[in-house]
Amino acid sequence: MRRRAKSLRLTAFCAFMAALKDELLPKFQSGDAVDFHDITARQTFARPPARYTEGSLVKKLEELGIGRPCTYATIIDTVQTRGYVEKGDSVKVSRAM
């Protein structure tokens with residue numbers, strides 16, 4: 001049953017892309033002149049997600065319904081003791097893999 005659902009989605013996606021093919025790319029023939037004045041180079045950098053502080057970690061635990069207020073300190077202590085994270089003074093502290 002799952003395999004059939006995947007093939008249906010793939011078939012639908014292929015049909016959708018075929019319908020949009022003409023809209024996505026302009027039609028050019030060999031030897032056509034191309035106007036480049038609308039092309040601009042742009043460099044972007046992806047930023048990693050923000051690191052958790054103890055306060056933001058407690059807030060996320062509350063949002064996800066993990067633990068209770070009396071267990072948050074224990075959870076944070078266990079995570080630090082097992083070496084999953086390191087507590088640092090700076091935002092950019094990371095542990096070596």
Side-chain angles (χ1 to χ4, degrees):
M1 189 66 110
R2 279 193 177 152
R3 190 183 230 14
R4 185 168 185 245
K6 271 190 175 179
S7 77
L8 285 175
R9 276 188 271 163
L10 181 62
T11 305
F13 175 76
C14 290
F16 176 74
M17 289 306 293
L20 287 180
K21 182 179 172 184
D22 295 333
E23 295 176 23
L24 294 176
L25 298 173
K27 294 185 179 188
F28 289 107
Q29 300 295 327
S30 180
D32 285 351
V34 180
D35 188 17
F36 290 109
H37 75 277
D38 291 334
I39 298 174
T40 56
R42 181 177 59 162
Q43 183 176 11
T44 59
F45 297 96
R47 293 186 181 174
R51 308 230 181 213
Y52 285 109
T53 62
E54 287 184 9
S56 64
L57 181 58
V58 168
K59 187 175 182 179
K60 189 66 172 180
L61 290 171
E62 288 174 348
E63 288 175 12
L64 297 174
I66 299 173
R68 299 182 47 94
C70 61
T71 62
Y72 294 146
T74 308
I75 292 170
I76 291 172
D77 183 54
T78 302
V79 167
Q80 290 174 350
T81 303
R82 292 184 181 174
Y84 299 141
V85 296
E86 291 179 1
K87 186 174 180 179
D89 297 330
S90 175
V91 173
K92 295 185 178 183
V93 173
S94 63
R95 64 184 180 104
M97 288 283 183

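These numbers come from a predicted model, not from an experiment.
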Straight-line distance of I66 CD1 to T71 OG1, nearest 0.5 Å: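 Rounded to the nearest 0.5 Å, the CD1-OG1 separation comes to 10.0 Å.
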Main-chain N/O of T74 paired with T78 side-chain donor or acceptor, under 3.5 Å: yes
Pairs involving residues 63-73, ordered by first then second residue, that meet salt bridge (charged side-chain N to carboxylate O under 4.0 Å, His left out) (sequence neighbours left out):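 Listed by first then second residue: K60-E63.
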Partner residues of E54 under the salt bridge (Lys or Arg N to Asp or Glu O under 4.0 Å) criterion, sequence neighbours left out: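 Only K87 meet the salt bridge (Lys or Arg N to Asp or Glu O under 4.0 Å) criterion with E54.
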Contacts of type side chain to side chain contact (heavy atoms under 4.5 Å, CB included), residue T53, not counting sequence neighbours: S56
Partner set under side chain to side chain contact (heavy atoms under 4.5 Å, CB included) for D77, not counting sequence neighbours: T81
Residues, nucleotides or ligands: over 12 heavy atoms within 6.0 Å of Y52 OH: no
Step-by-step side chain to side chain contact (heavy atoms under 4.5 Å, CB included) determination, V58 to I76: CA-CA 8 Å; V58 168; I76 291 172; 3.7 Å; yes
